[in-house]
Q: 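This is the structure I have questions about; it appears just below.
A note on names: the letters A, B, ... follow the listed sequences, proteins ahead of strands, and every chain is numbered from 1.
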Amino acid sequence: MRNVDAGYGAVRVLHGVSIEVREGETVALLGTNGNGKSTLIKCIMGMVSPEAGEVFLETDGTRVDLTRRSTEEIVSLGIALVPEGRRLFPKLSVEENLLLGAYRKAARADIQTNLEFAYEAFPVLRGRRAQLAGSMSGGEQQMLAVARALMSSPRILLVDEPSVGLAPILVSRVIAKIRELKERRHLTVLMAEQNFNQATKIADRGYIIVHGKIEFEGRSTAELRENELVKKYYLGV
Amino acid sequence: MSDALLQVEGLTKRFGGFLALNQVSIAVKPGERFGLIGPNGSGKTTLINCVSGSLPVDGGHITFDGRDITALPAHRRTRLGIVRSFQIPKPFTSMSVLDNLGIPLENAAHGRGADGADAMQILEAIGLAAKAHLRPAGLTQIEMRKLELARAMAARPKLLISDEAMAGLSSAEVDDILTILFRLNAQGITIIMIEHIMRAVMRFSERIVVLDAGERIAEGTPDEIVRNPAVEKAYLGE
Amino acid sequence: MFSWDLLANAVVAGVLLGGFYAAVSLGIGLIFGLLDIANIAQPAFVILGAYAAYVMNSAYGLDPILTGIAFTPVFYVLGAVVYRIYYGSFERRGEESLRGLVFFFGILFIMEVSLSLKFGVDYRLVQAGYIGKSFELAGVGVSFRYLVPCVVGVAMTAALYLFLGRTFYGRAIMAVSQDQAALRLMGANPVQIKTIAFGVGIAAASLAGALLITIAPVIPSTDRDYIGRMFAITVLGGMGSIGGTLVAAIILGVIESLMATFFGPSWSLAVSFGILLAALAVRPAGLFGR
Amino acid sequence: MTRTRALIAVTLATLVVVAAAALVPVARAADPIKLGFGMALTGGLSANGKPALLAVEIWKDDVNKKGGLLGRPVQLIYYDDQTNPSTVPGIYTKLLDVDKVDLVISGYGTNLIAPLMPIAMERKLTVMGMFGLANNEKYQYPNYFQIQPAGPDPQTSTAIGFFELAARQNPKPQTVAIVGADAEYPQNALVGARELIKRYGLKTVYDKTYPPSTVDYTPIVRAIKATNPDIVFVASYPPDSVGMLRAAHEVGLQPKIFGGGMVGLMFTTVMTSMGSMLNGVVNYDFWAPEPPFLAIPGIKEFLKEYQARAEKAGVDPLGYYLPPYSYALVQVLGQAVEATKGLDQQKIADHIRATEFNTIVGKVKFGKNGEWAKGRTLMVQYQKISGNSIDQFRGPGKKVVLYPDEFKSGNLIYPYAAALK
Amino acid sequence: MARTLPALGVGVVVVLAGVALATMRVNPYLYFAGYVILQYVVIATAWNILGGYGGYVNFGTPAFFALGAYTAVFLIRSIKAPLPVLIVAGGLVAALLGLGIGYLTLRLRGTFFSIATLALSVVLQTMIINWEYVGGSRGISVIRPSGPPFGNYVVFLFTVMLGLAVVAVLVARFIERSWIGRGLAALRDNEEAAECMGVPTLRLKLFATTISGFLLGVAGAPFPYYVTFVEPNSAFALDYAVNALAMPMIGGTTSWVGPVIGAVLLGTTQQLATVTISSELNLLIVGVVLVAFVVLAPEGILGLVRRVRGRI
């Protein structure tokens, strides 16, 4: 992602943001609410079109421009998003939600394997396969949202604020699960998260975004953790 | 505690099986600048929906100005002086900016039939006078936020609840809004600020309550809050 | 006047009628219940289906139900076109509710009038081997004229149920009104999904119309008798619950039949609508809403 | 701003009114005699309204071929009343005040005649009513004449033949079930039937009504069957006539005599599609292609002309129900104009009241309340129908006239079950 | 207030002009056609108070109209009540029904509310069908009182309806410009925000449904004397539902002028079509006009005028 400007209507949320995620990495995008994390993620997914700059995907030397593509097309390239607020289909059952995750054509062949994998990775979902998604607790919903994203056999997994609305103990469980999945499925992960300590547990490196600008780039987890700026950004000290 | 302007006791709210607020109590003193913070989804907006009357409560009591208002409909609370702004602005889209203010002026503020002068005064104070005759659709984000505040002010509140009035604004714009809120407070209006932008909350609030996962986890001055390990844990995680 | 024999007969007749009502209401269950599009013109499409069956029956002696099935692709395309116009004119501009309603009101009028311009206002009927025949089972009479539509109606319900639950398009249709943006994240295009759903809903009208003309004579304005029933069943069934639609249709059918048998038929429709009103006032989500 | 808006509104309104006035054709002091009416060309009764219109048009052409009335050509001016009574006052005022018609006849059906009555009375018009039931009982307007051969007691006219025939059978049937749609005509027929039941000393075992939008008639028929009546009298409109008859066959309802006032069975589309299911039904009617009717002068020519033009007009292809009477109605009016040698409404009315007319439906003489002096509602029985061809219905033998005796063309097959074989 | 007096003045002038017109007897047909158009002015205006100002779409217009008409039939038959009593009584009974559907808005919004009103109409029609005293399904003939002013009863009814139309429009205009109308507009735009800004939304909705019901009943009350024959099918005709909706949509729903323009235009078109085209094409025109307007001119004629003015 290079020099991206983006926003809604007259408001510009992102100002010249550039980030990159290399294959096999877990990158954290850190910052408190309202700083542009979600907007950045939406730019990648084609849900917000950038006013300037470019977003592209490079695999095996071929370069695919994402800026003019619809969300559906981007999904079909193997990019999946676990959206903020989970965005499950509340009136569909757990299994129906999962099966919808496999909508993209390339994933349909693997649907049985993926479903089995999802239930194995999240045993709680197997027990509740017929339950309506909307009636589950927040933690279970977040698990389902992650599992649903994996159903599309993605190469790249974007995760937007997985900790929202969850009790601390659940947050660490979700975060740990993401790491586990990343390793088992050989994913590339970009995670937007405000929970600094949790996110840095699993990230290889990270960016801190403040007021729509990348304020700090940590090339390793340690570099991020030791930086005193963090507290300032987070607590306004 | 009986000197509190707003007192919330043991407030509980469920959405289906989800416990959004669990026995939350807060007390806001007259004239206070009160901050309400917490990570996303911690129940802040639910709390103010219950206080303003948009949502019925499942348990607990709300007292305002010495009067139990738990069962009052929202518009009656507004008339008593509890006025809120919305996180996502909800302007009256078919009316001009000026007329948007007319609604609370004649419905909530005392004395019906207020003419345009009152509304214009508020718009001037907040810096929207030039846009008075536009429809809200023609406003920018910051103007929309200001309209939201201006409309709340037109209801002549005793207690103003500002729900994330600064999300998505630039630094300078945040300061702009802060100035307005300080000025209102100086005029004697009690203010509850719900905000994610820490810099703003810390600067503005005299006292802060922190919610996490529907529970009250801390209370204190900004300094105390910053040093509170529970708060750090809630925000930064374990 | 009460007898167990009459009761059994009334219930069976009501269930059969309910199966037919389900067939008539499925399209609107899909379009209004799942897509939230108040297509008030749906009954006019049903009548169009009835006339298609009539034309093929009177000209070539084709079985009405076979005609109904044969015409589903045509109706599907028709539905897709209507939805695209609706989408382009209202939904995309975000002003669907009120004006969309008026739009469909206009379509209803136009279709009704066009049919009477083309076919006149005489009652039209079809002939098929099973009309007017019946058999008796343990003292309960069953007319083929209702049995066949009921079986077809239940089969349509089952087919739609399977389509929605077992196919990717079907599941996407169930999801589309819940969260369009999330559906995009699944890689599905909501507009395409809605076009398919609308097309399927109108295609169902083709078959429903064939069943209708099998049961009773049809004139272009017959559609008005069904507007209320269709929406009542959809709402009662819990907006978009396909199983609920069938159950609600059967409840309505049995009530009408019991009223007609025991209390005087003239109140049967009012009782059905009274139940709808009560349901709306007490439990707007319908009886089987999720 | 607001004033301008109001101004726009007023301007628009004025423009529209002016346009309306301008568009309305100005009456020319011209030659033709204008006959005006509203007719149900859309809506519930249009299946009858359209054939009626065709019959009147044929009459006009016939008259004009012979040089018109009083040497002036006849011109028809008619509007669609949409089967909606609330359009009638407007239509007739337009006809009278703007189109300046010389003569009026009513539209088809009781509901569409009723709103015409006050206008006619106010302007002292002679009105020819087309198939209205007891329209004049309340008004007692002397210059109203009605062509449906209901006779001096309109309410019982539909049912009288039916019960008379039943009473003549041996052993005499005892119990009656009556049922009908919640609509104008069937309800009137039921009122008459109830009176006749009393008169003939029968016992009512079932008396219910149903809404016209009923889909399934089998529960009703089954409830009737459970009361085991000797006589089943049905007063219904076309869709429910078909529904009741089909249900009767499916449920196996076989009283001794079945039928009565079922509108629609005589429509050609219904007859051809119901086929042999009609056998045995005893039903009211006004015309049948039986020898007593075919012998009347002029009818064959009329039917030939009608059937030739029916397809193009999109109406009933045979025209055996209403069209001969519609034609007769204007025949009476035309003859009265010729006889009085002018268009004086009062003179025309006086002449009609005093004269017996020769029409294509036979001799017509009006009596009390402008109804036929003597009723002539037929009772027919459908017999020996097989298959669905239209041709079998063209000639005699399928719809046998049983009542009244002077038009009788065959015998009742009794009981009902015997006719089904 | 400063603006109410001139409006009242205009109203009085319109009525006086109507009376003058009535005494002149230009062309009797104009009174008949005019009566129907004015009746639609009342209906469209009444519908718009709830539907246009408040955003609640009532499909049950025929129920209110017929309730007015049948209340009149009942009173004519039982006590031979004079016309003013009929109008007030018809309005009051319909207002009561309006209050009833007002409470429905507590739970039902959008399409559900509309469907409930549709169902209400069916239930009410069935009741009337089974009530023999007012004619049941057979219908009932109503004989007009003799000796009306202006020598002709319909001319008299025309002036009465003109007066009612003026009253309805003045009421609508007054509501639109008062805090009530502004409150209704606020709740139409956003019911939650309106409530939070101190607008007593429930009370306003009840007021709107009641006054709208009252005026619809008022429009129906003289109907028995106009047609002289009332039967359920025409009193509960779907046409009233369609026109009540279509006329404000065509004119523009946010102002009192819209329904008036719509009713005059569409009403006149229908009257003209009835006496010129005389076939199904007549209805086809209404359908096509309706679809064309909602697709091409979504804000109605007023919106078009505003757009054109904006451009100049």
Side-chain angles (χ1 to χ4, degrees), chain A residues 38 41-42 44-48 69-109 111 130-135 141 144-145 148-154 157-160, chain C residues 29-36 87 91-94 160-197 234-235 237-245 283-290:
Chain A
S38 287
I41 297 272
K42 283 180 181 157
I44 301 175
M45 292 309 295
M47 296 160 85
V48 171
R69 291 188 184 243
S70 71
T71 307
E72 302 93 89
E73 288 169 320
I74 292 168
V75 171
S76 68
L77 291 170
I79 305 178
L81 168 66
V82 182
E84 183 184 5
R86 307 182 275 271
R87 306 294 284 267
L88 296 172
F89 303 109
K91 292 178 181 174
L92 295 187
S93 71
V94 167
E95 185 149 309
E96 283 165 342
N97 265 282
L98 287 175
L99 293 172
L100 262 175
Y103 187 91
R104 95 171 166 113
K105 292 233 159 52
R108 293 189 186 180
I111 191 160
Q131 194 179 332
L132 294 186
S135 69
Q141 289 196 12
L144 176 55
R148 184 181 67 176
L150 289 178
M151 289 296 292
S152 70
S153 304
L157 183 67
L158 309 184
V159 188
D160 194 3
Chain C
L30 194 60
I31 292 170
F32 177 57
L34 279 174
L35 304 187
D36 273 336
Y87 172 77
E91 215 173 81
R92 205 176 43 192
R93 300 190 208 153
L160 194 61
Y161 191 81
L162 291 179
F163 169 69
L164 288 178
R166 298 285 164 85
T167 66
F168 284 98
Y169 286 131
R171 285 187 289 259
I173 289 170
M174 289 203 285
V176 72
S177 70
Q178 296 180 34
D179 193 335
Q180 291 205 30
L183 191 62
R184 283 183 187 276
L185 288 176
M186 304 298 108
N189 177 351
V191 178
Q192 182 204 3
I193 295 299
K194 285 189 178 185
T195 309
I196 293 172
T234 304
V235 172
M239 291 296 285
S241 156
I242 298 304
T245 303
R283 192 178 145 76
L287 299 177
F288 309 96
R290 282 183 167 185

Q: Could you tell me whether a side-chain N or O of C:Q178 sits under 3.5 Å from a main-chain N or O of A:K91, the two making a donor and an acceptor?
A: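 Pair found, side chain donor or acceptor close to backbone of A:K91.
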Q: Hey, which of A:A102, A:A149, A:A107 has the most heavy atom pairs under 4.5 Å with chain C?
A: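 Of A:A102, A:A149, A:A107, A:A102 has the most heavy-atom pairs under 4.5 Å with chain C.
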Q: Say you draw a straight line from CG of C:L185 to CZ of A:R104; how long is it, rounded to the nearest 0.5 Å?
A: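 CZ of A:R104 is found 13.5 Å from CG of C:L185.
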Q: Counting only heavy atoms closer than 4.5 Å, note whether A:I111 contacts chain C via side chain, backbone, both or neither.
A: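 The side chain, not the backbone.
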Q: Identify which part of C:L164 has an atom lying under 4.5 Å from any heavy atom of chain A, answering side chain, backbone, both or neither.
A: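 Nothing of C:L164, per the 4.5 Å heavy-atom cut-off to chain A.
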Q: For a 4.5 angstrom cut-off between non-hydrogen side-chain atoms, does C:M186 reach A:R148?
A: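 Yes, at least one pair of side-chain atoms sits under 4.5 Å.
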Q: Below 4.5 Å from any heavy atom of chain C, which atoms of A:A80 appear? Answer side chain, backbone, both or neither.
A: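 Neither part.
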Q: Looking only at heavy atoms, what is the nearest atom pair of C:F168 and A:L100, with distance?
A: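 Looking at all heavy atoms of both residues, the closest pair is O-CD2, 4.4 Å.
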Q: Using a 4.5 angstrom heavy-atom cutoff, name the option from C:G240, C:G187, C:P190 with the most pairs to chain A.
A: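 Option with the greatest count: C:G187.
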Q: Quick one: are C:D179 and A:L88 in side-chain contact, heavy atoms under 4.5 Å?
A: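 The answer is no; the side chains never approach within 4.5 Å.
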Q: Could you report the tightest heavy-atom contact between A:E96 and C:R171, atom names first, then the distance?
A: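 A:E96 and C:R171 have their closest heavy atoms at O-CD, 4.0 Å.
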Q: Heavy-atom pairs under 4.5 Å with chain C - which of A:G101, A:P83, A:P90 has more of them than the others?
A: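 Option with the greatest count: A:P90.
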